[in-house]
K.L.:
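Pasting in a structure now, in structure tokens, and then I'll have a few things to ask.
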There are 2 protein chains.
Amino acid sequence: MSSALSLWNEGATRSAIVDFVAQVTREGGADFVPPEARIAVFDNDGTLWCEKPFPIQAGFLFARIAEQVKADPSLGARQPWKAVVDGDHAWLGDAITKHYGGDDSDLKVMAAGLLSAYAGDEVEEFAAGAERFLRGSRNPVLDRPNLGTVYAPMRQLLQHLEDNGFTNFIVSGGGRDFMRPVTRELYGIPPDRVVGTTVALEYREEDGRGRMYHTDKLELFDDGPAKVVQIWSRIGARPIFAAGNSNGDLPMMRFATDGDGASLALLVDHDDDKRDVAYTAGAEKALEQARARGWAVASVRDDWKQVFID
Amino acid sequence: MSSALSLWNEGATRSAIVDFVAQVTREGGADFVPPEARIAVFDNDGTLWCEKPFPIQAGFLFARIAEQVKADPSLGARQPWKAVVDGDHAWLGDAITKHYGGDDSDLKVMAAGLLSAYAGDEVEEFAAGAERFLRGSRNPVLDRPNLGTVYAPMRQLLQHLEDNGFTNFIVSGGGRDFMRPVTRELYGIPPDRVVGTTVALEYREEDGRGRMYHTDKLELFDDGPAKVVQIWSRIGARPIFAAGNSNGDLPMMRFATDGDGASLALLVDHDDDKRDVAYTAGAEKALEQARARGWAVASVRDDWKQVFID
């Protein structure tokens, strides 16, 4: 037995991954894929790191929003400022869950408020703030720092793919510029291979220097079919491996597995309420499609020997 | 004397490049830049390959437009179809030159017509067509195939940077999806590191398969400040080296050289009408700024021992 995926229990899912990698890397084999076409895409929130009780980036936004309310208390009566200052994480979490269920009303209210939070930041300033938050904050329900909520078996999988000539990309509904400062360290993925949700940027030459700023306009919410469009835009190839955990990952898992050669889709199923936070909300269609299409499903409870990195 | 840039004549420009690379790679030196921050961006048309008498992609579009006029002869009375079927390359070339001079009127007429040419193509189909054209076509005034109009000293520079731990990106006004099929072979640059002008893409699940299509909507004309926005969007870092040849490259050359550490901008000056096609139209401001800011200028006539690849 290969030790490459030592954090995965033996079983159908581990075998599906090991066999797929062996299949596409066997020179002269019928399913051989040259290294330049070994493209793998990974969702981030809920796939590579924990997204409960709310995505890590939400905490970053809450911190700025609390500052805004302090400066202008009247904001505290309106959503999403109200939910943030009241610590009403249920409203915020539900907004995202409702989105996956097809109801975007609360998400739009949330987005409009949140987009204002970092507008006007120069990109380097935003990156420094994101990195400070990521390194200094903790998950509110798990007894761990946020950067300690990376799923260890998934990180091992990233490494296994890289060792076998794959190029890994993140294709996430989370903010591209929020993740970038830590993806190389956490996942071995440099900033140019991070695809995510974006606000529009603006370039201005000011004070004798070319500067780039975040605006308050949402450019692209990287979820669902938008993930596939971004994959072509940013990568320029149909991936042969895609991993996700929610309905919003379905189109990219479909796109990756609809190519002409060998391919694999992997769905993370959060079914372990002891070591992880268990949930299926927002993943119902993905679980159903994974079964219907024979995709690999990683059960946190049954397939992972260890959940989080040390 | 280092042989790394053997196709460059000794002189101020070659020295500026060699010294810059030595400076940022000298471990322990004051200007050392770690490999992950050694980001270099290159314009393509007129910088890495010849763009005269018109950009190579124009020929690709003309071929399809001729087919359209054959199917519907009434189109032949309107621009840009008229210019294409009359072989009026001056009108087409002038449209681009006028754009660099600040007058977009003809470029817009041209763009509207040209955008319709490949709308509805599936992305893989478009890529195959672009590759066929690139491999099978010739430059109309130089006695060479189009893929033979790559500037040999620039290709050598790409290699020199890569050998010194740089990561090279193309940031071009040309079509991203048009260049991608050949950039790895020509420049060692994979598709995910090709940034360029784009039409909007659309993802649809049809005939039991996830498919991506080109639409007739211009998404982004990658020129001027848009190049800088795309650099942050796609790369997520301020480059330390930028090479271009026209006014449209100025903002990215400015952005690259306005960082805190060592940096270099290189402007290709097409001043050799014997071995290359000489022109300064569309590069006036760039030449002026290069002088004012002390950027390196590569004179085709004086700095390059050989112009095109063999």
Side-chain angles (χ1 to χ4, degrees), chain A residues 35-37 39 123-124 126-127 167 169 176-177 179-181 183-184 190-196 198-215 219-220 224-238 250-260, chain B residues 35-37 39 123-124 126-127 167 169 176-177 179-181 183-184 190-196 198-215 219-220 224-238 250-260:
Chain A
E36 61 269 24
I39 303 292
V123 288
E124 283 107 340
F126 179 89
T167 305
F169 292 81
R176 177 195 67 200
D177 289 359
M179 296 175 275
R180 275 175 163 169
T183 53
R184 190 192 303 267
D192 62 290
R193 289 197 256 126
V194 176
V195 183
T198 55
V199 297
L201 301 174
E202 192 180 354
Y203 177 67
R204 300 198 296 269
E205 292 173 358
E206 286 179 350
D207 308 325
R209 183 175 153 118
R211 297 168 189 270
M212 183 80 66
Y213 295 93
H214 277 217
T215 70
E219 182 179 62
L220 190 144
K227 286 199 175 193
V228 192
V229 170
Q230 288 244 80
I231 284 171
W232 196 270
S233 169
R234 295 282 305 274
I235 306 175
R238 192 185 281 260
L250 261 179
M252 77 170 181
M253 295 169 80
R254 178 80 191 265
F255 188 62
T257 52
D258 275 356
D260 293 324
Chain B
E36 60 268 24
I39 302 292
V123 287
E124 283 107 340
F126 180 89
T167 304
F169 291 81
R176 177 195 67 201
D177 289 359
M179 296 175 276
R180 274 175 164 169
T183 54
R184 191 193 303 267
D192 61 290
R193 288 197 256 127
V194 176
V195 183
T198 54
V199 296
L201 302 174
E202 191 181 352
Y203 177 66
R204 300 198 296 270
E205 292 173 358
E206 285 179 351
D207 307 326
R209 183 177 154 117
R211 297 168 189 271
M212 183 80 67
Y213 295 93
H214 277 218
T215 70
E219 181 178 64
L220 190 144
K227 286 200 177 195
V228 192
V229 170
Q230 287 245 79
I231 284 170
W232 197 270
S233 169
R234 294 282 305 271
I235 306 175
R238 193 185 280 260
L250 262 178
M252 78 170 181
M253 295 170 81
R254 179 80 190 267
F255 187 63
T257 52
D258 276 355
D260 294 324

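Remember, predicted model here, so these are calculated numbers, not experimental data. Letters A, B, ... are given to chains in the order of the sequence lines, protein chains preceding strands, and every chain is numbered from 1.
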K.L.:
With a 4.5 angstrom heavy-atom cut-off, which part of A/Arg176 approaches chain B: side chain, backbone, both or neither?
P.N.:
side chain
K.L.:
So, for B/Arg211 and A/Arg238, which heavy atoms are closest and what is the spacing to 0.1 Å?
P.N.:
CA-NH2, 4.4 Å
K.L.:
Could you tell me which of B/Ala226, B/Gly208, B/Ala127 has the largest number of non-hydrogen atom pairs under 4.5 Å with chain A?
P.N.:
B/Gly208
K.L.:
Anything in residues 229-237 of chain B with a heavy-atom distance to chain A below 4.5 Å? Please list those residues in order.
P.N.:
B/Val229, B/Trp232, B/Ser233, B/Arg234, B/Ile235, B/Gly236
K.L.:
Could you have a look at B/Arg184, B/Arg193, B/Arg254 and say which one has the most heavy-atom pairs with chain A under 4.5 angstrom?
P.N.:
B/Arg254
K.L.:
Counting heavy-atom pairs under 4.5 Å with chain B, which one of A/Ala256, A/Pro225, A/Pro251, A/Gly259 comes out on top?
P.N.:
A/Pro251
K.L.:
Can you give me the closest heavy-atom contact between B/Met212 and A/Val228, atom names plus distance?
P.N.:
CE-O, 3.1 Å
K.L.:
I'd like to know which of A/Thr257, A/Ile39, A/Asp177, A/Asp192 tops the heavy-atom pair count under 4.5 Å against chain B.
P.N.:
A/Asp192
K.L.:
With B/Thr167, which residues qualify under side-chain hydrogen bond (donor to acceptor under 3.5 Å, both in side chains), at least two apart?
P.N.:
none
K.L.:
Select one option (side chain, backbone, both, neither) describing which atoms of B/Arg209 are under 4.5 Å from chain A's heavy atoms.
P.N.:
both
K.L.:
Can you check whether anything in residues 200-207 of chain A gets within less than 4.5 Å of chain B, heavy-atom wise, and list it by number?
P.N.:
A/Leu201, A/Tyr203, A/Glu205
K.L.:
Among all residues two or more places apart in sequence or in another chain, which pass the side-chain hydrogen bond (donor to acceptor under 3.5 Å, both in side chains) test with B/Thr198?
P.N.:
B/Glu219
K.L.:
Does any backbone or side-chain atom of A/Pro190 lie under 4.5 Å from a heavy atom of chain B? Answer side chain, backbone, both or neither.
P.N.:
neither
